[in-house]
Amino acid sequence: MELKELLALNEPSVEQYGEMEKQLLSIARAASAEITRLDAEGLARGADRLLGHDDGGEARAAARATAEQRRSDAENVLADVRGKSASLQARLEKEADEQAWAEVRRLLAARSRAMEEIDALCSKIGELYEAVIENGQTAQNAAPVKINLGSAFELQGRMPSQIGVAIMSRVHLSVGRPFSVQAVNIDQFCTAYDNQIRFNGLPGFLGPVHNAILLHSQ
């Protein structure tokens, strides 16, 4: 597009501002080159002036004034274009940041909702675990023939603790075997994590990292 068309735009793009800057710089440089040429020509015509001949000074002065004005106009418009371009670029960057943070918040909200569902499923697992224990004991007591089950640790699936460990192992498999790659001792598992989850729930466990991610979102 020509410069006059670009300058007539109501809402130019960053690229169009760049094209304006390019053309205005070209005009300013051409005007500067013309001024340099005219000044050099004036110096070269000194002999004509000494001899009283017409050295073209009047025409040269008019041409130089025109070139000076053209350079000044180009530089002034260029400064305005650069200011508007920088303002537009800053606005676009802010909008892009806002969109990116909105996406971050959406993803973190989805993460929290997933943890809420896991929390609810864990509560359901607890209810089902109690049913497993209660029904096992009731079935054992209701059997018309009393069976000697021997030592408490001889039969798999007899002790509540065994069943609890089996359930934990199943969850462990479902969540990528974290205890295989992360060292967690029994005290940490039974106190630190246990207390955090008991009081804050699984969604609350995510709070610190979510806050850290969103720290610079404002």
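Here the structure is a predicted model, which means the values were calculated and not measured. Reckoned from all heavy atoms, side chains included, excluding hydrogens, waters and symmetry mates.
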Chemist: Only pairs at least two apart or in different chains count here, so list each salt bridge (charged side-chain N to carboxylate O under 4.0 Å, His left out) that has a residue in residues 12-23.
Modeler: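 Those involving residues 12-23 are Glu21-Arg82.
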
Chemist: Are Leu206 and Leu107 grouped together when hydrophobic residues (ILVMFWY) are joined by side-chain heavy atoms under 4.5 angstrom apart?
Modeler: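 The answer is no; the residues belong to distinct hydrophobic clusters.
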
Chemist: Using modelled atom types only, decide if a donor and an acceptor are shared between the side chain of Ser87 and the backbone of Lys84 within a distance under 3.5 Å.
Modeler: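 No, the answer is negative, given that no donor and acceptor are paired below the 3.5 Å cut-off.
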
Chemist: Applying a strict under-4.5 Å side-chain criterion to I, L, V, M, F, W and Y, I'd like to know whether Ile125 and Ile118 cluster together.
Modeler: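 No; tracing contacts between hydrophobic side chains, which count when under 4.5 Å, never links both residues.
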
Chemist: Tell me, do Leu108 and Ser112 make a side-chain contact under 4.5 Å, heavy atoms counted?
Modeler: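 When only atoms from C-beta onward are counted, Ser112 and Leu108 do not touch, as no gap falls below 4.5 Å.
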
Chemist: Quick one: are His53 and Arg45 in side-chain contact, heavy atoms under 4.5 Å?
Modeler: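 No, too far: nothing below the 4.5 Å cut-off.
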
Chemist: Scan for side-chain hydrogen bond (donor to acceptor under 3.5 Å, both in side chains) pairs involving residues 165-174, sequence neighbours excluded, and state none if there are none.
Modeler: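 Every side-chain hydrogen bond (donor to acceptor under 3.5 Å, both in side chains) pair that includes a residue of residues 165-174, provided the two are not neighbours, is Arg170-Ser174.
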
Chemist: Taking only residues two or more places apart in sequence, or in another chain, which ones meet Asp119 in a salt bridge (Lys or Arg N to Asp or Glu O under 4.0 Å)?
Modeler: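 Residues passing salt bridge (Lys or Arg N to Asp or Glu O under 4.0 Å) with Asp119: none at all.
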
Chemist: Is the closest side-chain heavy-atom distance between Lys94 and Asp97 below 4.5 Å?
Modeler: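 Side chain of Lys94 against side chain of Asp97, heavy atoms only: no contact under 4.5 Å found.
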
Chemist: Restricting to non-hydrogen atoms, name the atom on Ala31 and the atom on Arg71 that form the minimum distance, rounded to 0.1 Å.
Modeler: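 Looking at all heavy atoms of both residues, the closest pair is CB-CB, 3.6 Å.
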
Chemist: Looking only at heavy atoms, what is the nearest atom pair of Glu116 and Pro203, with distance?
Modeler: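 Residues Glu116 and Pro203, closest heavy atoms: CG-CG, 3.3 Å.
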
Chemist: Keeping to residues at least two apart or across chains, list the salt bridge (charged side-chain N to carboxylate O under 4.0 Å, His left out) pairs with something in residues 104-114.
Modeler: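 Qualifying pairs, neighbours excluded: Glu103-Arg106.
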
Chemist: Tracing side-chain links under 4.5 Å among I, L, V, M, F, W and Y, which residues wind up in one group with Leu38?
Modeler: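 Direct or chained contacts put Leu38 with none.
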
Chemist: Applying side chain to side chain donor-acceptor pair (under 3.5 Å), name anything that partners Asp73, two or more places apart in sequence or on another chain.
Modeler: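 Applying side chain to side chain donor-acceptor pair (under 3.5 Å) to Asp73 gives Gln69.
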
Chemist: Taking all non-hydrogen atoms of both residues, which atom of Gln162 and which atom of Gly157 are closest, and how far apart?
Modeler: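 Closest approach of Gln162 to Gly157: OE1-N, 3.3 Å.
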
Chemist: If a pair satisfies salt bridge (charged side-chain N to carboxylate O under 4.0 Å, His left out) and one of its residues is in residues 186-200, list it, with sequence neighbours excluded.
Modeler: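 Counting only pairs at least two positions apart or across chains, the salt bridge (charged side-chain N to carboxylate O under 4.0 Å, His left out) contacts touching residues 186-200 are Asp194-Arg198.
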
Chemist: May I have all residue pairs that pass ring pair (Phe, Tyr, Trp, His ring centres under 6.0 Å) and include part of residues 197-218, sequence neighbours excluded?
Modeler: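 Passing the test, one end in residues 197-218: Tyr193-Phe205.
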
Chemist: Going from OG on Ser123 to CG on Leu121, what distance comes out if it is rounded to the nearest 0.5 angstrom?
Modeler: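 Answer for the OG-CG pair, Ser123 versus Leu121, is 8.5 Å.
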
Chemist: Is it true that, when you exclude Ile186 itself, more than 12 heavy atoms of the residues, nucleotides or ligands shown sit nearer than 6.0 Å to its CD1?
Modeler: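 No, the 6.0 Å shell around CD1 holds no more than 12 heavy atoms from other groups.
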
Chemist: Between Pro160 and Ile133, which heavy-atom pair has the shortest distance, and what is it?
Modeler: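 Taking every non-hydrogen atom into account, CA-CD1, 3.6 Å.
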
Chemist: Treating Gln89 as the side-chain partner and Ala86 as the backbone partner, does any N or O pair qualify as donor plus acceptor under 3.5 Å?
Modeler: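 Here the side-chain-to-backbone pair does not exist.
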
Chemist: State yes or no: do Val165 and Tyr129 share one hydrophobic cluster built from I, L, V, M, F, W and Y residues joined by side-chain heavy-atom distances below 4.5 Å, directly or via other members?
Modeler: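 No, because Val165 and Tyr129 fall into different hydrophobic clusters, even though each may have its own neighbours under 4.5 Å.
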
Chemist: Any salt bridge (charged side-chain N to carboxylate O under 4.0 Å, His left out) pairs touching residues 126-142, not counting sequence neighbours?
Modeler: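 Qualifying pairs: Lys124-Glu127.
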
Chemist: Examine distances only and state if a side-chain atom of Glu5 and a backbone atom of Glu2 form a donor-acceptor pair shorter than 3.5 Å.
Modeler: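 Between the backbone of Glu2 and the side chain of Glu5 there is a qualifying donor-acceptor contact (under 3.5 Å).
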
Chemist: Asp39: which residues meet the salt bridge (Lys or Arg N to Asp or Glu O under 4.0 Å) condition with it, sequence neighbours left out?
Modeler: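 With neighbours one apart ignored, the set is Arg64.
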
Chemist: Evaluate whether atom CD of Glu95 has more than 12 neighbouring non-hydrogen atoms of other residues, nucleotides or ligands under 6.0 angstrom away.
Modeler: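 Count over threshold, so yes.
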
Chemist: So for atom CZ, which belongs to Arg70, do other residues, nucleotides or ligands contribute more than 12 heavy atoms lying within a distance under 6.0 Å?
Modeler: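 No - once you tally the heavy atoms of other residues, nucleotides and ligands closer than 6.0 Å, there are 12 at most.
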
Chemist: Who else is in the cluster with Leu3 when I, L, V, M, F, W and Y are joined by side-chain contacts under 4.5 Å?
Modeler: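 Result for Leu3 is Met1, Leu6, Leu7, Leu9, Val14, Tyr17, Met20, Leu24, Leu25, Ile27, Val77, Leu78, Val81, Leu88, Leu92.
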
Chemist: Which pair of heavy atoms, one from Leu202 and one from Cys122, lies closest together, and at what distance?
Modeler: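 That closest heavy-atom pairing would be CD1-SG, 4.4 Å.
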
Chemist: My understanding is that a hydrophobic cluster links ILVMFWY residues whose side chain heavy atoms are under 4.5 Å apart, including indirect links. Using that, what else belongs to the cluster containing Leu43?
Modeler: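 For Leu43, no cluster forms, as it stays isolated from other hydrophobic side chains.
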
Chemist: In this structure, are over 12 heavy atoms from other groups packed under 6.0 Å from Arg177 atom CZ?
Modeler: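 No, the 6.0 Å shell around CZ holds no more than 12 heavy atoms from other groups.
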
